[in-house]
Q: 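I am attaching a structure below and will ask some questions about it afterwards.
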Amino acid sequence: MLALSKQTNFQKSRMRTTEIYYILHEAIQTNRKVAIQIEAVDGNGSYQEDIIGSIKKSDSLGIYVGNEKVHYDEIRNIQIYDQVKWSSL
């Protein structure tokens, strides 16, 4: 029987609001993708997979990464996402 492995997404450091807005601003200005860990855990205490993508638009409550709405108060950690290209390996 094949055992399925479940990916565990570890807790990243909680960022201050000013840090989050700085990264958001940088990502929008440079049109770069972001990786966001939201402040939510499953029944096992594991965090969801990061939401990765370009910021499409924003409003007073949050941002849209692709088609997914992320409220500002849900963001635990945000980073500029640099995808490794196969050609650079």
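Values in this document were obtained by computation on a predicted structure and should not be read as measured data. Along the sequence shown, residues are numbered consecutively beginning with 1.
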Q: If you look at every heavy atom in Arg76 and Gln11, which pair is closest and at what distance?
A: NH2-NE2, 2.7 Å

Q: Of all heavy-atom pairs between Ser58 and Ile63, which one has the smallest distance, and what is that distance?
A: CB-CG2, 3.8 Å

Q: Using modelled atom types only, decide if a donor and an acceptor are shared between the side chain of Asn44 and the backbone of Ser46 within a distance under 3.5 Å.
A: no

Q: Please check if Tyr64 and Ile78 belong to a single hydrophobic cluster, counting links between Ile, Leu, Val, Met, Phe, Trp and Tyr side chain heavy atoms closer than 4.5 Å.
A: no

Q: Under the side chain to side chain contact (heavy atoms under 4.5 Å, CB included) rule, collect the residues that match up with Tyr81, sequence neighbours excluded.
A: Lys33, Ala35, Ile52, Gln83

Q: For the side chain of Gln37 and the backbone of Phe10, is there at least one donor-acceptor N/O pair under 3.5 Å apart?
A: yes

Q: What verdict does the side-chain contact (heavy atoms from CB on, under 4.5 Å) test give for Ile36 and Asn77, after you've listed the backbone C-alpha separation in whole Å, the side-chain angles of each residue and the deciding distance to 0.1 Å?
A: CA-CA 6 Å; Ile36 299 173; Asn77 185 287; over 6 Å; no

Q: Using side-chain contact (heavy atoms from CB on, under 4.5 Å), reason through Leu61 and Lys69 one step at a time and then give a plain yes or no.
A: CA-CA 9 Å; Leu61 298 176; Lys69 174 88 179 254; 4.1 Å; yes

Q: Is Leu24 close to Tyr72 at the side-chain level, that is, under 4.5 Å between some pair of heavy atoms?
A: yes

Q: Going from CD on Glu39 to CD on Gln48, what distance comes out if it is rounded to the nearest 0.5 angstrom?
A: 11.0 Å

Q: Using a 6.0 Å cut-off, check whether atom CG of Asp59 has over 12 heavy atoms from anything other than its own residue.
A: yes

Q: Examine distances only and state if a side-chain atom of Gln29 and a backbone atom of Glu26 form a donor-acceptor pair shorter than 3.5 Å.
A: no

Q: Got a donor-acceptor contact below 3.5 angstrom from the Glu74 side chain to the His71 backbone?
A: yes

Q: Is Ile23 linked to Ile55 within one hydrophobic cluster, defined over Ile, Leu, Val, Met, Phe, Trp and Tyr using a side-chain heavy-atom separation of less than 4.5 Å?
A: yes

Q: Are Ile80 and Met15 joined in one hydrophobic group, where the rule is that I, L, V, M, F, W and Y side chains link up if heavy atoms are under 4.5 Å apart?
A: yes

Q: Kindly work out whether a path of hydrophobic side-chain contacts (I/L/V/M/F/W/Y, heavy atoms less than 4.5 Å apart) joins Val70 to Tyr22.
A: yes

Q: Ser54 versus Val65: any side-chain heavy-atom pair under 4.5 Å?
A: no

Q: So which atom in Ile38 and which in Tyr47 form the shortest heavy-atom distance, rounded to 0.1 Å?
A: O-CD2, 3.5 Å

